[in-house]
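Here, residue 1 is the first one in the sequence, and each next residue gets the next number. Remember, it's 1-based here, ligands and their atoms both numbered in the order they're listed. In this text the structure is predicted, and so the values were computed from the model without any measurement.
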Amino acid sequence: SGGSGDAGSTGADDGKITMGFAQVGAESGWRTANTKSVQEAAAKAGIDLKFTDAQQKQENQIKAIRSYVQQKVDVIAFSPVVETGWDAVLLEAKRANIPVILTDRAIDSEDTSLYKTFLGSDFVEEGKKAGQWLKENAGDAVNVVELQGTTGAAPALDRKKGFEDAIAGTNLKIVASQTGDFTRSGGKQVMEAFLKSVPDIDVVYAHNDDMGLGAIEAIKAAGKVPGKDIKIITVDAVKDGMTALAAGEINFIVECNPLLGDQLMDLAKKVVAGEEVPARVVTEETTFTSEQAKAALPERQY
Ligand code: GYE
């Protein structure tokens, strides 16, 4: 169903489910893989997908969601660019009886009736795994600089928290921390500034591969050797990140799985059919050292 002038959200016309999907943007390799997964899974599941790219702006996502409500889609899925500020638009969807599924990123709202389920990673756990590895492999490293994801985004807040918790009580300390907005250019720019202003950087902790790859460019340009003079830890494990890890330019990657499409379509069908779904679906993930990256790379899909 869906579209204008039909029977609305009851699925009474062609029997096809229409999903409105408001994507964050195209900021990273992770996001590109996620978008492809959602589009391919929709086609496979016979779900009619209306897709928008919000270019990392909340106002664009809100507009897209509002237009999906007006078009009376059967289900709305979105990956909230930041955690707060969603109540008003999600209330509009609720009043129109259109179920909402959070995918990849969570929102921070007291009203959990605004969405049916949240499918995605445990970002605090990811940050912990990064910090845990560093704790065990720090050598004489002390000074950590942090490249944060988008300010106010769930993965930025949670990856920071998990990491800080894991290194608490050690000699390691975060001496500088700034957002690189999850982009390669952002990571490069912030790292260039850190290399000028922060003495004795031992470790870079980047909230995603792309920012870590940008930092590598800045480190090389400053005449230092990434992975040796400065240790680098990132999150995601996309192909470019894994390639740098295999080459020893990144030292450790915590995996974050972008292939959420099939699970999302499954949940969408259930929600539209009025079936119960779990309030939280966590994706399974691992971590990679350089040796493990070498072994995994040939099979890596994204
Ligand atoms: O780690 C990053 C992307 O929300 C988990 O967003 C996602 C993050 C991912 O830009 O690369």
Side-chain angles (χ1 to χ4, degrees), residues 21-38 53-58 60-61 77-84 86 101-108 115 118-130 146-163 178-190 204-216 232-245 250 252-261 263-264 280-288 300-302:
F21 186 92
Q23 181 60 293
V24 170
E27 72 281 4
S28 64
W30 191 100
R31 189 64 54 195
T32 310
N34 179 248
T35 291
K36 193 164 167 259
S37 167
V38 168
D53 171 339
Q55 302 186 324
Q56 287 185 283
K57 292 200 181 74
Q58 180 171 35
N60 291 346
Q61 274 193 316
F78 82 116
S79 183
V81 59
V82 291
E83 279 192 341
T84 55
W86 300 103
I101 299 176
L102 300 179
T103 150
D104 156 37
R105 297 184 183 177
I107 63 167
D108 181 3
Y115 53 91
F118 165 38
L119 163 68
S121 308
D122 182 338
F123 301 132
V124 175
E125 193 55 35
E126 291 172 350
K128 272 191 191 147
K129 288 178 188 167
E146 180 179 38
L147 302 174
Q148 290 182 42
T150 302
T151 306
L157 295 162
D158 293 354
R159 287 173 185 166
K160 179 171 188 52
K161 181 176 189 311
F163 184 82
Q178 248 183 59
T179 179
D181 215 11
F182 279 131
T183 65
R184 215 174 272 211
S185 60
K188 183 173 177 210
Q189 264 174 36
V190 174
V204 173
Y205 168 45
H207 289 184
N208 78 344
D209 288 350
D210 282 89
M211 291 191 294
L213 292 163
I216 287 176
I232 303 178
I233 304 165
T234 65
V235 184
D236 275 355
V238 295
K239 221 170 216 165
D240 288 354
M242 293 286 273
T243 304
L245 177 60
I250 292 177
F252 190 66
I253 301 184
V254 177
E255 183 182 43
C256 179
N257 186 2
L259 306 182
L260 305 177
Q263 277 172 295
L264 174 60
R280 177 80 172 97
V281 182
V282 187
T283 37
E284 296 227 341
E285 301 167 334
T286 182
T287 62
F288 296 97
R300 204 78 184 150
Q301 288 174 51
Y302 54 89

Per the side chain to side chain donor-acceptor pair (under 3.5 Å) rule, which among Glu146, Lys160, Gln148 passes with His207? Glu146
Between Met211 and Val204, does a side-chain contact (heavy atoms from CB on, under 4.5 Å) hold up when you go through it step by step? CA-CA 10 Å; Met211 291 191 294; Val204 173; over 6 Å; no
Filter the ligand 1-protein atom pairs down to N or O on both sides and distance under 3.5 Å, then list them.
residue	atom	partner	partner atom	Å
ligand 1	1 (O)	Arg159	NH1	2.8
ligand 1	1 (O)	Arg159	NH2	3.2
ligand 1	1 (O)	Asp236	OD1	2.6
ligand 1	4 (O)	Arg31	NH2	3.2
ligand 1	4 (O)	Asp104	OD1	2.8
ligand 1	4 (O)	Asp104	OD2	3.1
ligand 1	4 (O)	Arg105	NE	2.8
ligand 1	4 (O)	Arg105	NH2	3.4
ligand 1	6 (O)	Arg31	NH2	3.0
ligand 1	6 (O)	Arg105	NH2	2.9
ligand 1	10 (O)	Glu27	OE2	2.5
ligand 1	10 (O)	Ser28	OG	3.1
ligand 1	11 (O)	Ser28	OG	3.1
ligand 1	11 (O)	Asn208	ND2	2.8
ligand 1	11 (O)	Asp236	OD2	2.7

Option passing side-chain contact (heavy atoms from CB on, under 4.5 Å) with Glu126 (candidates Asp158, Val254, Asp236): Val254
Of all residues at least two apart in sequence or in a different chain, which pass the salt bridge (charged side-chain N to carboxylate O under 4.0 Å, His left out) check with Asp209? none
Check the pair Phe78 / Trp86 against ring-ring contact (aromatic ring centres under 6.0 Å, His included), numbers first and verdict last. CA-CA 11 Å; Phe78 82 116; Trp86 300 103; 4.9 Å; yes
Could you tell me how the ring of Tyr205 sits relative to the ring of Phe163: parallel (under 30°), tilted (30 to 60°) or perpendicular (over 60°)? parallel
